Amino acid sequence: MKSWPAPNVPELPDAGLPLHLHDTASGTIRPTEPGPTARMYVCGITPYDATHMGHAFTYVTFDLINRVWRDAGHDVHYVQNVTDIDDPLLERAVQTGQDWRAIADRETALFREDMAALNVLPPRDYIGAVESIPSVARYVEELQAKGAVYAVDSDLYFRVGSDPEFGSVARLDRERMIEIFAERGGDPARPGKEDPLDCLVWQSERPDEPAWDTPLGHGRPGWHIECAAIALDHLGMTFDVQGGGTDLAFPHHEMSASEAQVLQGAFPFARHYVHSAMVSWEGHKMSKSRGNLVFVSALRHEGVDPNAIRLALLAHHYRSDWAWTPQGLEGAGARLQLWRRAVAGERGPDGRAVLDRVRSAMADDLRTPSALDAVDDWAMAQQAGEGDDAAAPALIRDVADALLGVHL
Ligand code: 5CA
Ligand code: ZN
């Protein structure tokens, strides 16, 4: 799939710090230890509606990882999927009388526009589920050959018990797994399954639904195997970061990891499992299924500066759930104006000290609120007429751009 245009990222003096990140699988903050090329897979959207603030928060979070790694001298191989065939798309198509492909194309195009407006660096490989079907079918055949797949009616299921490490991503007890599986697209109660937690890898054709011809028969892929296949094809095992919102830790990341681990006979799928917290609105997690949404594109069309939207997101640490508010956006707009006035000045307090503060905050599990404080302190002092560092305004502009993705 077509990705979106890459913004220019200014080079900063010296190299940044090694990035430490929270890892769901160990429950600790650990250093990331990428090679010259850092490898990251982030689960992409299911394109049946426009990008909302929850999505934006998640993709901006992983964009920060990308930026901190780059600042530390790594090349970053970033892969993202688009779930351009799945139940919600087909349901939306039935509700609206539109073709599911037209919905997916339109919403994916809008997502690209929103990401570009928010200065999110594009993935190197942006891969659709539909274009990955031949690859998924090959992986399912491999799983069959390993004895990890069985049929229920004409659908195919992955035996989670075939992975000795199953459960190591989200670390939930079985009862909780079954409960969440039912809430998030799983079918623990389906008769004929060996284990309630076994997950669908291939769904045979249903009446009035699209299906593809493969050696597995006429049908379409399950959700988790889509991301396992795309990550293996484009990054291979073991990559540095598998990412998404906390709602993906189980079952999605657990299942994808187990499928890949059985396929490769290796462990782990990813070194870090990184999950961004949930953004709520009107008292509930913002979600397409509930319909309580604030869209990035709607604010853009109202004339809101996307850099203010980005600052409103960055004001929250990525691991704390928070509620979107109009006041938060107003505050971000005021901050953007303050920063812009300050970098338009001819001199100000020491710029290198700010760079150091921002770098250490970001390298320590992306402490964005502290990074914003560092720039605020500088901007307020600058506006108060303090400091005589003539290089500072240009450096602060570059720091905001390169590390925070905010264009001043
Ligand atoms: N296509 C799958 C992943 S393979 C999917 O979950 N798509 S999605 O469109 O439902 O979500 C895309 C990303 O946005 C996921 O990482 C999800 O965790 C994140 N997300 C969705 N809602 C919110 C929210 N309210 N707050 C924060 N992140 C969210
Ligand atoms: Zn995914």
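These numbers were taken from a predicted model, which means no experiment stands behind them. Whatever order the structure lists ligands and atoms in, that order sets their numbers, starting from 1. All values below were derived from every heavy atom in this structure, side-chain atoms included, with hydrogens, water molecules and symmetry-related copies excluded. Nothing fancy with the numbering, it's 1 onward along the sequence.
The single protein non-hydrogen atom nearest to atom 16 (O) of ligand 1 is Gly245 N, 3.1 Å, given as residue, atom name and distance. For atom 3 (C) of ligand 1, the closest non-hydrogen atom of the protein is Gly44 O, 3.2 Å. Among protein heavy atoms, atom 14 (O) of ligand 1 sits closest to His55 CD2, 3.3 Å. Nearest protein neighbour of atom 9 (O) of ligand 1, counting heavy atoms only, is Lys288 NZ, 2.7 Å. Atom 4 (S) of ligand 1 has as its closest protein heavy atom Trp223 NE1, 3.1 Å. When hydrogens are left out, the protein atom nearest atom 6 (O) of ligand 1 is Leu248 CD2, 3.6 Å; that is the closest non-hydrogen contact.
Under 4.0 angstrom from ligand 1, the non-hydrogen atoms of Asn81 all belong to its side chain. Contacts between Met53 and ligand 1 below 4.0 angstrom, taking non-hydrogen atoms only, are absent altogether. With a heavy-atom cut-off of 4.0 Å, Asp247 touches ligand 1 through its side chain alone. With a heavy-atom cut-off of 4.0 Å, Thr58 touches ligand 1 through its side chain alone.
Among residues two or more places apart in sequence or in another chain, the side chain to side chain contact (heavy atoms under 4.5 Å, CB included) test is passed with Ala266 by Met237, Gln264. Every residue two or more places apart in sequence or in another chain that forms a side chain to side chain contact (heavy atoms under 4.5 Å, CB included) with Thr58 is listed here: Phe62, Ser276. For the side chain to side chain contact (heavy atoms under 4.5 Å, CB included) test, residues two or more places apart in sequence or in another chain that qualify with Ala353 are Asp350.
Ring orientation note: the planes of Phe181 and Phe250 are nearly perpendicular, at an angle over 60° on the 30°/60° scale.
The distance cut-off of 2.8 Å around the Zn ion (ligand 2) captures these protein N, O or S atoms, sorted by chain and number: Cys43 SG, Cys227 SG, His252 NE2.
At least one heavy atom of Ala277 sits closer than 4.0 Å to an atom of ligand 1.
Of all the listed residues (Tyr59, Trp281, Trp322), Tyr59 holds the heavy atom that lies closest to atom 12 (C) of ligand 1. When the options His284, Met286, His252 are ranked by their closest heavy atom to atom 25 (N) of ligand 1, first place goes to Met286.
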